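Order of listing sets the numbers, starting from 1, for every ligand and every atom in it. Quick caveat, the model's predicted, so the values are computed rather than measured. Side chains included, hydrogens not; waters and symmetry mates left out as well; all remaining heavy atoms used.
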Amino acid sequence: MAGNRTLAIIKPDAFGSGKAGKIIAHLEAQGFTLICARVLHMSKAEAGAFYEVHKGRPFYGELVEFMSSGPCMPMVLQKDDAVSAYRAAIGATDPAEAAEGTVRKLYAESKGRNAVHGSDSDENARHEGMFFFGADALI
Ligand code: CMP
């Protein structure tokens with residue numbers, strides 16, 4: 001059964017340019033409930049660990065630099081079928097390919113500086129929720 005919660009991050013580009021409130025309001029208007037959130041400035045080691053699955057890919061170094069370049073805002077969101085509903089709400093990784101009205105179409109700058117992250121499966125949502133919030137956040 002698809003889970004009701006997912007892990008989202010408002011990335012340093014969007015957080016640093018004051019878009020967090022607009023992005024949260026946009027998601028709440030689409031039926032997502034904010035369960036928990038925090039603001040942190042990740043070290044390179046933390047950003048590298050979070051994105052370890054991408055280690056070895058050509059964009060990994062750039063991704064780690066960017067995600068440790070300023071504060072970001074991880075949060076747990078709730079909605080039926082949360083992972084796929086949230087991925088639909090944020091749009092394609094590259095804002096140039098994102099559908100109208102999606103978070104990345106509205107607020108992202110580029111494929112690398114793309115405003116938000118979202119878990120891509122229920123299993124990864126649990127893993128990523130654990131990374132920022134401990135064991136209970138995705139229950
Ligand atoms: P995210 O959903 O956070 O998951 C991995 C991130 O890697 C992705 O969003 C992009 O921001 C980033 N990414 C993926 N492909 C590229 C690329 N070709 N160049 C730079 N960054 C990328």
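Any N or O atom pair closer than 3.5 Å counts here, and Lys11 shares at least one such pair with ligand 1.
Of the candidates Phe59, Tyr51, Tyr60, Tyr51 brings a heavy atom nearest to atom 4 (O) of ligand 1.
Judged as a side chain to side chain donor-acceptor pair (under 3.5 Å), the pairs with a partner in residues 11-20 (not counting sequence neighbours) are, in order, Lys11-Asn114.
Residue contact check: Arg104 has heavy atoms under 4.0 Å from atoms 2 (O) of ligand 1. Every atom of ligand 1 is numbered from 1 in the order shown, and the set under 4.0 Å from a heavy atom of Glu62 is 20 (C).
Proximity of Arg113 to ligand 1, defined as any heavy-atom pair under 4.0 Å, is not found for any part of the residue. Neither the backbone nor the side chain of Arg57 comes within 4.0 Å of ligand 1, counting heavy atoms alone.
Nearest protein neighbour of atom 5 (C) of ligand 1, counting heavy atoms only, is His54 NE2, 3.4 Å. For atom 10 (C) of ligand 1, the nearest protein heavy atom (residue, atom name, distance) is Lys111 O, 3.3 Å.
Environment of CD in Glu123: sparse, with no more than 12 heavy atoms of neighbouring residues, nucleotides or ligands closer than 6.0 Å. In the displayed structure, His127 atom NE2 is contacted under 6.0 Å by at most 12 heavy atoms of other residues, nucleotides or ligands.
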Side chain to side chain contact (heavy atoms under 4.5 Å, CB included) between Leu7 and Phe131: does it pass, once the steps are laid out?
-> CA-CA 10 Å; Leu7 187 283; Phe131 186 92; over 6 Å; no

Run the side chain to side chain contact (heavy atoms under 4.5 Å, CB included) check on Met67 and His117 step by step: do they pass?
-> CA-CA 11 Å; Met67 290 302 291; His117 166 80; 5.6 Å; no

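The closest side-chain heavy-atom distance from Phe132 to Met42 is below 4.5 Å.
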